[in-house]
Number of protein chains: 2
Amino acid sequence: MTSQAADEPETVAASRRSKITPEREREFFDAVLEQIRECGYESVTMEGVAASTRCSKSTLYRQWRTKPQFVAAALRASRRVRFAGIDTGSLAEDLRQAARAAGDWSGKDTKLLQALGHAWTADKELAEALREALVNPEIAALQDMLARGVARGEVRADHPALEYIPAMMFGVLRIRPVLSGQYADADYLARFVEATVLPALGLT
Amino acid sequence: MTSQAADEPETVAASRRSKITPEREREFFDAVLEQIRECGYESVTMEGVAASTRCSKSTLYRQWRTKPQFVAAALRASRRVRFAGIDTGSLAEDLRQAARAAGDWSGKDTKLLQALGHAWTADKELAEALREALVNPEIAALQDMLARGVARGEVRADHPALEYIPAMMFGVLRIRPVLSGQYADADYLARFVEATVLPALGLT
DNA sequence: GCGTATCGGTACGAAGACGTATCGATGAGT
DNA sequence: ACTCATCGATACGTCTTCGTACCGATACGC
């Protein structure tokens, strides 16, 4: 989405004339994100990533200049939209399915966001990568979901709760480990949607 | 709580025969918490705290053995209950006031929680101190507030939304910076309560 | 097939932080 | 008034990490 080599035939996400295949690159990215989840951003070392992927530190530094740039690249590459494809024709049912979908990956993403800790507030590139990869796509998908409900007349367009639904959904994901020491699973999120989100929207 | 000199007359929170007054101790604690908020837990150094408080590194290490223990002590000492004292006789009004109260300190506490990042999930003592200082008291006060509302008959005791109110309130505090890049202020929280919390509780 | 650039491995330098030790000065308790 | 523990300052050792440099080997492009 950011920069595209217009006339390269195959996937060139990596760099210029690198021998690193996209699969290999994904190994690097998966490794660093996993180590961030386990040890926190600050404690992750390039040596550690190199060791766990059996590559050389030189290779990592050749491809990505610094650790923040490397992590930002890994974040961007991990972009996926979990809420995509949910469209049952009913807003309430969409939200229920979204809750279940979110519950399935909440552990990994919440842990990642938590483990990035202070780093993403200090490093502009990390912050941008984070929003681009984990935040904006989900928000957009969720808002599409809500917009469809509005279009179908299930909720009035000026319903005051509409703008807070993303904050409710993602907020509870993020706060659950703090409050009760465990990640929000699909069941918890489903009950949460049933007990608060739907009533707030007047969907009973 | 851990070890107590049973027959010391005055405030002995610090240690045995230290020359550090409680006011001086609070300077240390304020300094380290502020540096955590600004730089993140990992980047805070004992040297930095010593320099900013014009004390010696030796003093810090004499009083608190290690950096995690020092930070945990600072967290515990910062324990305050912001929701205490809110009791208007109406649950809806209590929640509105709680929202405004929370908005006033949300920046500092949210930043602190964010800046502690992965550390508090890794260090059991930090986690305990954090819950003891910032989480449990607020949760308890909020639940008291809800319990009073139930006792007054404003909400049924088995209302399904009841158990999620703390998660809603604190979740939105914690997620706002991620979603929109700014901390939740009093106005935002007030609108949030009006638009989602009260309707979810059936308080219109 | 050949040249060349990248790969993996490792050694290296610089920087910073933790935690300890030493040392003179100062202030509290008797 | 005296003693002595603690204070502030600073130097030190150790460890870790970032990021670079070098080195032979290997695999891709022509």
Checklist entry - Would the number of heavy atoms belonging to other residues, nucleotides or ligands and lying under 6.0 Å from CD of B:E128 be above 12? => result no
Item to check | Side chain A:K57 and base D:dG19 donor-acceptor under 3.5 Å | outcome: yes
Checklist entry - D:dT16 C1' sits how many Å from B:E42 CD, rounded? => result 13 Å
Next on the checklist: Taking the nucleotide of DNA chain C with the nearest heavy atom to each, does A:R24 or B:S58 sit closer to the 5' end?
Outcome noted: A:R24
Next on the checklist: Can you measure B:W64 atom CH2 to D:dC7 atom C1' for me and round it to whole angstrom units?
Outcome noted: 13 Å
Checklist entry - Side chains of A:S56 and A:S58: do they bring a donor and an acceptor to under 3.5 Å? => result yes
Item to check | Integer-rounded Å distance: D:dT6 C1' and B:E25 CD | outcome: 15 Å
Checklist outcome for this item: Rounded to whole Å, CD of B:E47 lies from P of D:dA9 at a distance of 13 Å
Checklist entry - In terms of heavy-atom contacts, does CZ of B:R65 have more than 12 from other residues, nucleotides or ligands at under 6.0 Å? => result no
Item to check | Quiz item: A:T66 side-chain donor-acceptor pair to D:dG19 base, under 3.5 Å | outcome: no
Next on the checklist: Tell me whether the side-chain N or O atoms of A:K67 pair up with the base of D:dG19 as donor and acceptor below 3.5 Å, since no angle test is needed here.
Outcome noted: no
Item to check | Flag, side chain of A:R176 to backbone of A:R174, donor-acceptor distance under 3.5 Å | outcome: no
Checklist outcome for this item: Separation of C:dG8 atom P from A:M46 atom CE, nearest Å, is 13 Å
Next on the checklist: Tell me whether the side-chain N/O atoms of B:R62 come closer than 4.0 Å to OP1 or OP2 in D:dC7.
Outcome noted: yes
Checklist entry - Ignoring hydrogens and angles, does a donor from either the side chain of B:S56 or the base of D:dA9 sit under 3.5 Å from an acceptor on the other? => result yes
Next on the checklist: Tell me whether the side-chain N/O atoms of A:Q63 come closer than 4.0 Å to OP1 or OP2 in C:dC7.
Outcome noted: yes
